[in-house]
Novice: 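Let me begin by handing over the structure; questions about it come next.
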Number of protein chains: 2
Amino acid sequence: MKHEKAAAQLEALGNPTRLKIYRILVRAGEEGMSVGQVQGKLGVPASTLSHHCKRLCETGLVSQERQATTLICRANYPAMQALLGYLADECCADGTCPPVMRTRAP
Amino acid sequence: MKHEKAAAQLEALGNPTRLKIYRILVRAGEEGMSVGQVQGKLGVPASTLSHHCKRLCETGLVSQERQATTLICRANYPAMQALLGYLADECCADGTCPPVMRTRAP
DNA sequence: CTCATATTTCGACTTTCTTAGAAATATAAG
DNA sequence: CTTATATTTCTAAGAAAGTCGAAATATGAG
């Protein structure tokens, strides 16, 4: 993963409201959840929620699919896996950091 | 880990300059690296660097130790472990998300 | 004490983010 | 076509972040 993309995803998750949205979507599983359902859980105005969902989509952490008038949002699990992998491995690519940080052999 | 703390750490790593700093520190290992050494690697002004190091410290991702006039910065590996654990597990605490996301049994 | 080095604090500026109401758009139902 | 629902776009305002030069501080050396 490129550093810029990782930074963008980390920044996206760094906003408390967006982290809540993302947590809700992760827990919603493959089925996903509509923007309106997320709004019901969070209680933020629709325009604010739309803005944050867009941000999450732009980073690739979330995907969207239209179903009639509702928009289904889903956590992009492979993207999350890639980000976790970046944090765990890319930062320690040269093997000089403590073994506890590495998930791959040096 | 509390959500607010996780968000603060994610936001801290979300800035490209800070992510670079953090990567440098992670690779520096337990020995750490002085602010000046980091500056030599990144080429950002001292005041900017100081600002970012402070932010990283405030979130707990980095620790500092004075050695005479130089300040040694070190990546806080347990903090990183906790953040990775948060992303991998806390978001999936109720076990409804796909198994690929879980590191603990439901 | 004075000097030199390392780092921080201050101050100012510009940019970006966050928020949310109002209006616009999209889609389906009747 | 009209209506109803879901979501986005527009717009604006204040808050926060990022940057960096200049000045201040801290520590040790001579």
Side-chain angles (χ1 to χ4, degrees), chain A residues 3-25 28 31-76, chain B residues 3-25 28 31-76:
Chain A
H3 305 318
E4 292 300 329
K5 183 173 184 180
Q9 292 183 339
L10 290 166
E11 187 197 18
L13 294 176
N15 177 274
T17 301
R18 280 194 298 270
L19 185 56
K20 285 176 193 161
I21 295 170
Y22 187 73
R23 274 170 31 89
I24 287 172
L25 293 179
E31 187 185 343
M33 194 176 277
S34 73
V35 175
Q37 286 177 307
V38 174
Q39 186 181 14
K41 289 218 167 203
L42 280 187
V44 300
S47 60
T48 302
L49 185 59
S50 177
H51 168 74
H52 285 310
C53 285
K54 187 180 176 186
R55 291 278 307 263
L56 286 169
C57 278
E58 286 171 349
T59 65
L61 285 169
V62 165
S63 63
Q64 293 182 327
E65 180 197 353
R66 272 220 98 89
Q67 285 185 1
T69 60
T70 70
L71 195 70
I72 304 298
C73 300
R74 293 189 184 86
N76 184 346
Chain B
H3 305 319
E4 292 300 329
K5 185 173 184 180
Q9 292 183 339
L10 290 166
E11 188 196 19
L13 294 176
N15 176 273
T17 302
R18 280 196 297 269
L19 186 57
K20 286 176 192 162
I21 295 170
Y22 188 73
R23 275 169 32 87
I24 288 172
L25 292 180
E31 188 185 343
M33 195 176 278
S34 73
V35 176
Q37 286 177 306
V38 174
Q39 187 182 13
K41 287 216 168 205
L42 280 188
V44 300
S47 59
T48 302
L49 185 59
S50 177
H51 169 72
H52 286 310
C53 285
K54 188 179 174 186
R55 290 278 307 263
L56 286 170
C57 277
E58 286 171 349
T59 65
L61 284 170
V62 165
S63 64
Q64 293 182 326
E65 181 197 352
R66 272 221 99 86
Q67 284 186 2
T69 59
T70 71
L71 195 70
I72 304 298
C73 300
R74 293 189 184 86
N76 184 346

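Just so it is clear: chains get the letters A, B, ... in the order the sequence lines come, proteins before strands, and each one is counted from 1.
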Novice: So which nucleotide from dA28(C), dG28(D), dT19(C) ends up closest to the side chain of A68(B)?
Specialist: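 That would be dG28(D).
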
Novice: Does dG18(D) have its OP1 or OP2 closer than 4.0 Å to a side-chain nitrogen or oxygen of R18(B)?
Specialist: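 Answer yes for this pair, as a side-chain N or O of R18(B) is under 4.0 Å from OP1 or OP2.
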
Novice: Roughly how far apart are I21(A) CD1 and L49(A) CG, rounded to 0.5 Å?
Specialist: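 I21(A) CD1 to L49(A) CG: 5.0 Å, rounded to 0.5 Å.
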
Novice: Tell me if the CD atom of E65(B) is crowded by more than 12 foreign heavy atoms within 6.0 Å.
Specialist: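 More than 12 within 6.0 Å, yes.
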
Novice: How many Å lie between CE on M33(A) and P on dA6(D), as a whole number?
Specialist: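 In whole Å, dA6(D) P and M33(A) CE are 15 Å from each other.
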
Novice: Can you tell me the distance, in whole Å, between the CD atom of Q37(B) and the P atom of dT5(C)?
Specialist: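 Interatomic distance, CD of Q37(B) to P of dT5(C): 17 Å.
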
Novice: Taking C-beta and beyond as the side chain, do E58(B) and R55(B) meet within less than 4.5 Å on heavy atoms?
Specialist: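 Yes, at least one pair of side-chain atoms sits under 4.5 Å.
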
Novice: In whole Å, what is the span from the CG atom of L42(B) to the P atom of dC20(D)?
Specialist: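 Distance, rounded to whole Å: 12 Å.
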
Novice: Need to verify one output field. Residue with the more 5' nearest nucleotide on DNA chain C, T69(A) or P16(A)?
Specialist: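 Closer to the 5' end of DNA chain C: P16(A).
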
Novice: Nearest-Å distance, CD1 (I72(B)) to C1' (dT27(D))?
Specialist: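 From I72(B) CD1 to dT27(D) C1': 14 Å.
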
Novice: For the backbone of V44(B) and the side chain of Q39(B), can you confirm whether one donor and one acceptor N or O come within less than 3.5 Å of each other?
Specialist: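 The answer is yes, because a donor-acceptor pair under 3.5 Å joins these two groups.
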
Novice: Under 4.0 Å, counting only non-hydrogen atoms across every strand here, what does A46(A) touch: a base, just sugar-phosphate, or nothing?
Specialist: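 A46(A): base contact, heavy atoms under 4.0 Å.
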
Novice: Counting only heavy atoms and a strict 4.0 angstrom limit, can you tell me which residues of residues 51-62 of chain A come near DNA chain C?
Specialist: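 Within this stretch, H51(A), H52(A), R55(A) sit under 4.0 Å of the strand.
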
Novice: Decide yes or no for H52(B) and T48(B): does some side-chain heavy atom of the first lie under 4.5 Å from some side-chain heavy atom of the second?
Specialist: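 Touching, per the 4.5 Å side-chain cut-off.
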
Novice: Quick one: which of dA6(D), dT9(D), dT8(C) gets closest to the side chain of V35(B)?
Specialist: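 Out of dA6(D), dT9(D), dT8(C), the nucleotide with an atom closest to V35(B)'s side chain is dT8(C).
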
Novice: Which one, dC20(D), dT7(C), dT7(D), comes nearest to the side chain of S34(B)?
Specialist: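 Of the options given, the side chain of S34(B) lies nearest dT7(C).
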
Novice: Would you compute the distance between atom CG of L19(A) and atom CD of E4(B) and round it to the nearest 0.5 angstrom?
Specialist: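 Between atom CG of L19(A) and atom CD of E4(B) there are 8.5 Å.
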
Novice: Applying a 4.0 Å non-hydrogen cut-off, can you work out what E11(A) is touching in the nucleic acid: base, sugar-phosphate, or nothing?
Specialist: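 Touches sugar-phosphate only.
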
Novice: Please report the interatomic distance CG(L61(B)) to NZ(K5(B)), rounded to the nearest 0.5 Å.
Specialist: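 Reported value, rounded in 0.5 Å steps: 8.5 Å.
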
Novice: So, is T48(A) near the phosphate of dT19(C), with a side-chain N or O under 4.0 Å from OP1 or OP2?
Specialist: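 For dT19(C), neither OP1 nor OP2 has a side-chain N or O of T48(A) closer than 4.0 Å.
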
Novice: Expressed as a whole number of angstroms, how long is the span from Q67(B):CD to dA26(D):C1'?
Specialist: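 These atoms are roughly 15 Å apart.
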
Novice: Under a 4.5 Å cut-off applied to non-hydrogen side-chain atoms, are H3(A) and P16(B) in contact?
Specialist: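 No; the side chains remain at least 4.5 Å from each other.
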
Novice: Rounded to whole angstrom units, what separation is found between the CG atom of L49(A) and the P atom of dC17(C)?
Specialist: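 One finds 18 Å between P of dC17(C) and CG of L49(A), rounded.
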
Novice: Among dT9(D), dT27(D), dT19(D), find the nucleotide with the atom closest to the side chain of T17(B).
Specialist: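 Selected nucleotide (nearest to the side chain): dT19(D).
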
Novice: Classify the nucleic acid contact of S47(B) as base, sugar-phosphate or nothing, counting any heavy atom under 4.0 Å across all strands shown.
Specialist: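 It contacts base atoms.
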
Novice: From the set dA20(C), dT8(D), dT18(C), return the single nucleotide nearest to any side-chain atom of N15(A).
Specialist: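 Of dA20(C), dT8(D), dT18(C), dT18(C) is nearest to the side chain of N15(A).
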
Novice: Starting from P on dT25(C), measure out to CG on L71(A) and report it in whole angstrom.
Specialist: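 After rounding, the reported distance stands at 18 Å.
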
Novice: Measure the distance from CD on Q39(A) to C1' on dA6(D) and round it to the nearest whole Å.
Specialist: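 For the pair Q39(A) CD and dA6(D) C1', the rounded distance is 9 Å.
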
Novice: If you check the P45(B) side chain, which of dT27(D), dT8(C), dC20(D) turns out closest?
Specialist: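 Per side-chain heavy atoms of P45(B), the pick is dC20(D).
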
